[in-house]
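Only one structure is covered here, and it is reproduced in the block below.
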Amino acid sequence: MTNRLASCSCGQLTAQVDGDPVRVSICHCLACQRRTGSVFGQQARFHREHVSLSGESCEYVRVGDEGSHVTFHFCPRCGSTVCYELEGLETYLAIPVGAFADPDFPPPSVSVYEERMHSWVVPPADAQHYP
Ligand SMILES: [Zn+2]
Ligand SMILES: [Zn+2]
(Lines give C-alpha, C1' and ligand atoms only; values in the text may rest on other atoms or scores of the structure.)
(Ligands and ions follow the chains in the order given, each with its own letter.)
Protein backbone atom coordinates (compact mmCIF):
# COMPACT_ATOMS: atom_id res chain seq x y z
CA MET A 1 0.00 0.00 0.00
CA THR A 2 1.20 3.49 -0.86
CA ASN A 3 2.06 5.77 2.03
CA ARG A 4 2.37 9.47 1.49
CA LEU A 5 3.36 12.38 3.70
CA ALA A 6 1.80 15.81 3.40
CA SER A 7 3.59 18.64 5.16
CA CYS A 8 3.35 22.39 5.76
CA SER A 9 6.14 24.63 4.48
CA CYS A 10 8.16 24.48 7.72
CA GLY A 11 7.56 20.75 8.35
CA GLN A 12 5.98 21.17 11.79
CA LEU A 13 2.49 19.98 10.74
CA THR A 14 2.20 16.73 8.81
CA ALA A 15 -0.42 14.26 7.62
CA GLN A 16 0.59 10.69 6.90
CA VAL A 17 -1.92 8.95 4.60
CA ASP A 18 -2.31 5.28 3.76
CA GLY A 19 -3.49 4.19 0.34
CA ASP A 20 -4.73 6.15 -2.61
CA PRO A 21 -7.25 8.99 -2.29
CA VAL A 22 -10.92 8.24 -2.88
CA ARG A 23 -11.30 11.47 -4.89
CA VAL A 24 -8.97 14.11 -6.33
CA SER A 25 -10.49 17.39 -7.43
CA ILE A 26 -9.58 20.89 -8.43
CA CYS A 27 -11.63 23.93 -7.47
CA HIS A 28 -11.45 27.24 -9.30
CA CYS A 29 -13.64 29.23 -6.88
CA LEU A 30 -12.42 32.61 -5.68
CA ALA A 31 -12.25 31.46 -2.04
CA CYS A 32 -9.88 28.63 -3.03
CA GLN A 33 -7.81 31.09 -5.04
CA ARG A 34 -7.50 33.31 -1.95
CA ARG A 35 -6.78 30.39 0.37
CA THR A 36 -4.04 28.89 -1.74
CA GLY A 37 -2.53 31.99 -3.31
CA SER A 38 -2.71 30.01 -6.54
CA VAL A 39 -5.32 30.20 -9.31
CA PHE A 40 -7.06 26.97 -8.26
CA GLY A 41 -7.00 24.58 -5.34
CA GLN A 42 -6.33 20.87 -5.73
CA GLN A 43 -7.34 18.50 -2.97
CA ALA A 44 -7.36 14.77 -2.31
CA ARG A 45 -10.01 13.14 -0.15
CA PHE A 46 -9.11 10.27 2.16
CA HIS A 47 -11.05 8.23 4.68
CA ARG A 48 -10.34 9.82 8.04
CA GLU A 49 -9.02 6.58 9.53
CA HIS A 50 -6.31 6.50 6.85
CA VAL A 51 -4.91 9.90 7.90
CA SER A 52 -2.56 10.49 10.86
CA LEU A 53 -2.05 14.13 11.75
CA SER A 54 0.94 15.30 13.72
CA GLY A 55 1.97 18.74 14.97
CA GLU A 56 0.18 21.87 16.11
CA SER A 57 -2.54 23.41 14.00
CA CYS A 58 -4.92 26.36 14.02
CA GLU A 59 -8.39 26.34 12.52
CA TYR A 60 -10.15 28.60 10.09
CA VAL A 61 -13.81 28.00 9.28
CA ARG A 62 -15.04 29.13 5.89
CA VAL A 63 -18.76 29.39 5.18
CA GLY A 64 -19.52 28.35 1.60
CA ASP A 65 -22.06 29.74 -0.86
CA GLU A 66 -24.70 27.28 0.34
CA GLY A 67 -23.95 27.89 4.02
CA SER A 68 -21.87 24.78 4.53
CA HIS A 69 -18.77 24.99 6.71
CA VAL A 70 -15.27 23.96 5.75
CA THR A 71 -12.73 23.79 8.59
CA PHE A 72 -9.14 24.32 7.51
CA HIS A 73 -6.26 23.18 9.70
CA PHE A 74 -3.11 25.20 9.15
CA CYS A 75 0.33 25.53 10.70
CA PRO A 76 0.51 28.42 13.22
CA ARG A 77 4.17 28.99 12.31
CA CYS A 78 4.19 29.04 8.49
CA GLY A 79 0.48 29.24 7.61
CA SER A 80 0.25 26.27 5.22
CA THR A 81 -3.02 24.31 5.27
CA VAL A 82 -2.39 20.59 5.64
CA CYS A 83 -5.91 19.24 5.93
CA TYR A 84 -9.52 20.26 6.01
CA GLU A 85 -12.91 18.91 6.92
CA LEU A 86 -16.13 19.35 4.96
CA GLU A 87 -19.42 19.60 6.81
CA GLY A 88 -21.59 16.63 5.87
CA LEU A 89 -18.55 14.59 4.82
CA GLU A 90 -17.21 13.91 8.31
CA THR A 91 -15.94 10.45 7.42
CA TYR A 92 -13.31 12.06 5.17
CA LEU A 93 -10.42 14.48 5.42
CA ALA A 94 -9.21 16.51 2.47
CA ILE A 95 -5.51 17.18 1.98
CA PRO A 96 -4.26 19.95 -0.35
CA VAL A 97 -2.34 18.07 -3.04
CA GLY A 98 0.51 20.60 -3.05
CA ALA A 99 1.29 19.62 0.55
CA PHE A 100 2.54 16.26 -0.77
CA ALA A 101 5.09 18.01 -3.01
CA ASP A 102 4.82 14.96 -5.28
CA PRO A 103 4.67 15.53 -9.06
CA ASP A 104 3.54 11.89 -9.49
CA PHE A 105 0.41 12.35 -7.38
CA PRO A 106 -2.77 11.07 -9.16
CA PRO A 107 -4.39 13.77 -11.35
CA PRO A 108 -7.79 15.31 -10.63
CA SER A 109 -10.90 13.48 -11.89
CA VAL A 110 -13.25 16.32 -10.94
CA SER A 111 -13.07 20.04 -11.77
CA VAL A 112 -15.50 22.40 -10.05
CA TYR A 113 -16.37 26.11 -10.29
CA GLU A 114 -15.12 26.27 -13.87
CA GLU A 115 -17.04 29.52 -14.35
CA ARG A 116 -14.33 31.13 -12.15
CA MET A 117 -11.48 29.36 -13.94
CA HIS A 118 -8.60 31.45 -15.28
CA SER A 119 -8.75 31.45 -19.06
CA TRP A 120 -5.37 29.72 -19.56
CA VAL A 121 -6.12 26.76 -17.22
CA VAL A 122 -6.83 23.44 -18.97
CA PRO A 123 -8.27 20.75 -16.66
CA PRO A 124 -7.83 17.11 -17.73
CA ALA A 125 -10.24 16.38 -20.63
CA ASP A 126 -11.47 13.15 -19.02
CA ALA A 127 -12.33 14.84 -15.70
CA GLN A 128 -15.94 15.56 -14.71
CA HIS A 129 -16.54 19.26 -15.27
CA TYR A 130 -18.89 21.44 -13.23
CA PRO A 131 -19.70 25.10 -13.83
ZN1 LIG B 1 4.60 25.03 9.17
ZN1 LIG C 1 -13.15 26.25 -4.04
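Whatever order the structure lists ligands and atoms in, that order sets their numbers, starting from 1. Worth knowing before you read on, the calculation uses all heavy atoms, side chains too, and leaves out hydrogens, waters and symmetry mates. Here the structure is a predicted model, which is why all the values come from computation and not from measurement.
- Atom NE2 of H118 sits about 8.5 Å away from atom OG of S38, to the nearest 0.5 Å.
- Considering every non-hydrogen atom in both I95 and A15, the closest pair reads CD1-CB, 3.9 Å.
- The backbone N or O of I26 sits nowhere less than 3.5 Å from a side-chain atom of Q42 that would complete a donor-acceptor pair.
- For the pair L13 and F74, the tightest heavy-atom approach, listed with the atom from each and the gap, is CD2-C, 3.7 Å.
- The pair R48-E85 meets the salt-bridge criterion, since a charged nitrogen lies less than 4.0 angstrom from a carboxylate oxygen.
- The heavy-atom pair separating R116 from C29 by the smallest distance is CB-CA, 4.2 Å.
- Side chain of S80 to main chain of S9: a donor-acceptor pair is present (N/O by atom type, distance under 3.5 Å, no hydrogens or angles).
- Protein contacts to the Zn ion (ligand 2) involving N, O or S atoms at a distance below 2.8 Å are C27 SG, C29 SG, C32 SG.
- Taking the six-membered ring for Trp, Y92 and H47 have ring centres closer than 6.0 Å.
- The aromatic rings of F105 and F46 lie perpendicular to each other, with more than 60° between the two planes, well past the 30° mark.
- Within the protein, the number of N, O or S atoms lying under 2.8 Å from the Zn ion (ligand 1) is 4.
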